[in-house]
Number of protein chains: 2
Amino acid sequence: MHYDFADARAASYRLDEQVGFLLRRASQRHLAIFAQRLPGLTATQFAALAKLCELGPTSQNALGRATAMDAATIKGVADRLRARGLVAATPDPDDRRRHYLNATDEGRALYESSAIAAVDISAETLAPLSPAERETLLSLLGKLG
Amino acid sequence: MHYDFADARAASYRLDEQVGFLLRRASQRHLAIFAQRLPGLTATQFAALAKLCELGPTSQNALGRATAMDAATIKGVADRLRARGLVAATPDPDDRRRHYLNATDEGRALYESSAIAAVDISAETLAPLSPAERETLLSLLGKLG
DNA sequence: TCATTTTCATTGGTACACAAATGGTATTGA
DNA sequence: TCAATACCATTTGTGTACCAATGAAAATGA
């Protein structure tokens, strides 16, 4: 019986050790905590709302770039935020392609009253790590951006 | 003018520093590399196929648990793998609720011929990091599982 | 000026991802 | 034994996420 290189190769691949798998699991953990702590708003929706509050009036695509969502994705997110009255759209007089997105008073209030919870969610996600490890993880993840 | 605690709180939340956002961005990076290096099979599909090859005959839900996919998700993934002839399902004689999933010869061959690329994908995803940093990141992500 | 290129928002299509509900089927424990 | 419980696979519904293509509108440059 000869040595099977294909098997050796395959055996050297362990799903549980791959970055992609570990990233997916960590994201799952985070999203579960988010949904529990801030039900009624998804992490993605909160991210878009937060960025919009930070930036002020912003075109839809620009908001997408600021939140790492492509044009198709940010459209869906913005639509749902608008449907809930958290965000409003007004045409840009200087560029007829664009609509400015803006947080409504209600949206801004929700953001401000949720910001503490959002910080808590990050902390809880990182709870299994020591403070130094948390710093390290955030720094390393940042380098992958 | 009084000090506005809500604003102070809000100002202390920076999207770009939150784990959730950084995890999402790192995942995007990984998925983009995966799609480029192994087109024709998603990262999720490859994960399921790899685990199935590793475990041998496995019920659908058990495969889902082994790959961190819920029952509804693994069903869709398994359906697509079956539609492509990479996986086959046979009824479990001992439990009429179950169907064993099994990689076909074609599925196993594809897995074995793709395992090297899969390892490369992980390496490329981590390319911005030093070897020591890669180890650290994987270890910290593992603790969040 | 006017053609090329870029950008904006939208659409349609595919693929995860999870909650909740369902109908069968096993397992259990009193 | 048989009722309560747990598990399996499936379905429905909602929400990301990305690709590719579209038409309208700007920006660019020869």
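Every chain is numbered from 1 and lettered A, B, ... according to where its sequence line falls, protein lines coming before strand lines. None of these values were measured; they are calculated from a predicted model.
Of the inter-residue distances, the one linking B:Y100 atom OH with B:Q60 atom CD reads 14.0 Å to the nearest 0.5 angstrom. One finds the OG atom of B:S114 at 8.0 Å from the CG atom of B:L49 (value rounded to the nearest 0.5 Å). Summarising the geometry, atom CD belonging to A:E135 is positioned 10.0 Å from atom CG belonging to A:L137; distances are rounded to the nearest 0.5 Å. The CG atom of B:L15 sits 12.0 Å away from the CG atom of A:L52 when rounded to the nearest 0.5 Å. Taken from OG1 in A:T58 to CZ in A:R98, the straight-line distance is 10.5 Å, to the nearest 0.5 Å. Here the CG atom belonging to A:L31 is positioned 12.0 Å from the CZ atom belonging to A:R24, to the nearest 0.5 angstrom.
With hydrogens and angles ignored, the 3.5 Å screen pairs no side-chain donor or acceptor of B:T73 with any backbone N or O of B:M69.
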Is there a side chain to side chain contact (heavy atoms under 4.5 Å, CB included) between A:K51 and B:D16? Walk through the geometry before answering. CA-CA 10 Å; A:K51 232 355 176 204; B:D16 321 47; 3.1 Å; yes
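Residues of residues 32-46 of chain A that place a heavy atom closer than 4.0 Å to DNA chain D, in numerical order, are A:T42, A:T44, A:Q45. Within residues 69-80 of chain B, the residues having any heavy atom closer than 4.0 Å to DNA chain D are, in order of number, B:A71, B:A72, B:K75. Heavy-atom distances under 4.0 Å link DNA chain C to A:S59, A:Q60, A:N61, A:R65 of residues 50-66 of chain A, given in residue order.
Bending across the helix from C:dT1-D:dA30 to C:dA30-D:dT1, expressed as the angle between its end axes from five pairs apiece, amounts to 20° (10° rounding).
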Please output the side-chain donor-acceptor pairs of residues 36-43 of chain B that fall under 3.5 Å, not counting sequence neighbours, one pair per line with the distance.
{"from": "B:R37", "atom 1": "NE", "to": "B:E124", "atom 2": "OE1", "distance (Å)": "2.9"}
{"from": "B:R37", "atom 1": "NH2", "to": "B:E124", "atom 2": "OE1", "distance (Å)": "2.6"}
{"from": "B:T42", "atom 1": "OG1", "to": "B:Q45", "atom 2": "N", "distance (Å)": "3.0"}

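Inter-residue side-chain proximity for A:L63 and A:T67 is flagged as met; some heavy-atom pair is nearer than 4.5 Å. Using a 4.5 Å heavy-atom threshold, the side chains of A:L129 and B:L140 count as touching. Taking the side chain as every heavy atom from C-beta outward, B:Y13 and A:E54 never approach each other to under 4.5 Å. No side-chain heavy atom of A:L138 sits under 4.5 Å from any side-chain heavy atom of B:E17.
In this model, a side-chain donor or acceptor of A:R97 finds a partner on the base of C:dT7 within 3.5 Å.
In summary, A:E133 and B:K143 engage in a salt bridge, as defined by a charged side-chain N under 4.0 Å from a carboxylate O. A salt bridge links B:K75 to B:D79: at least one charged side-chain nitrogen sits closer than 4.0 Å to a carboxylate oxygen.
Straight-line distance from the CG atom of B:L81 to the P atom of C:dA15: 11 Å, rounded to whole Å. The distance between atom CG of B:L31 and atom C1' of C:dT14, rounded to the nearest whole Å, is 14 Å. Distance NE2 (A:H99) to P (C:dT10): 6 Å, rounded to an integer number of Å. In this structure, B:Q28 atom CD and C:dA17 atom P are separated by 13 Å, rounded to whole Å.
Aromatic ring centroids of A:F46 and B:F21 lie 6.0 Å or more apart.
Nearest-nucleotide positions on DNA chain D for A:R96 and B:R98 put B:R98 closer to the 5' end.
The outermost nucleotides of DNA chain D lying under 4.0 Å from heavy atoms of chain A, listed 5' to 3', are D:dG15 to D:dA26.
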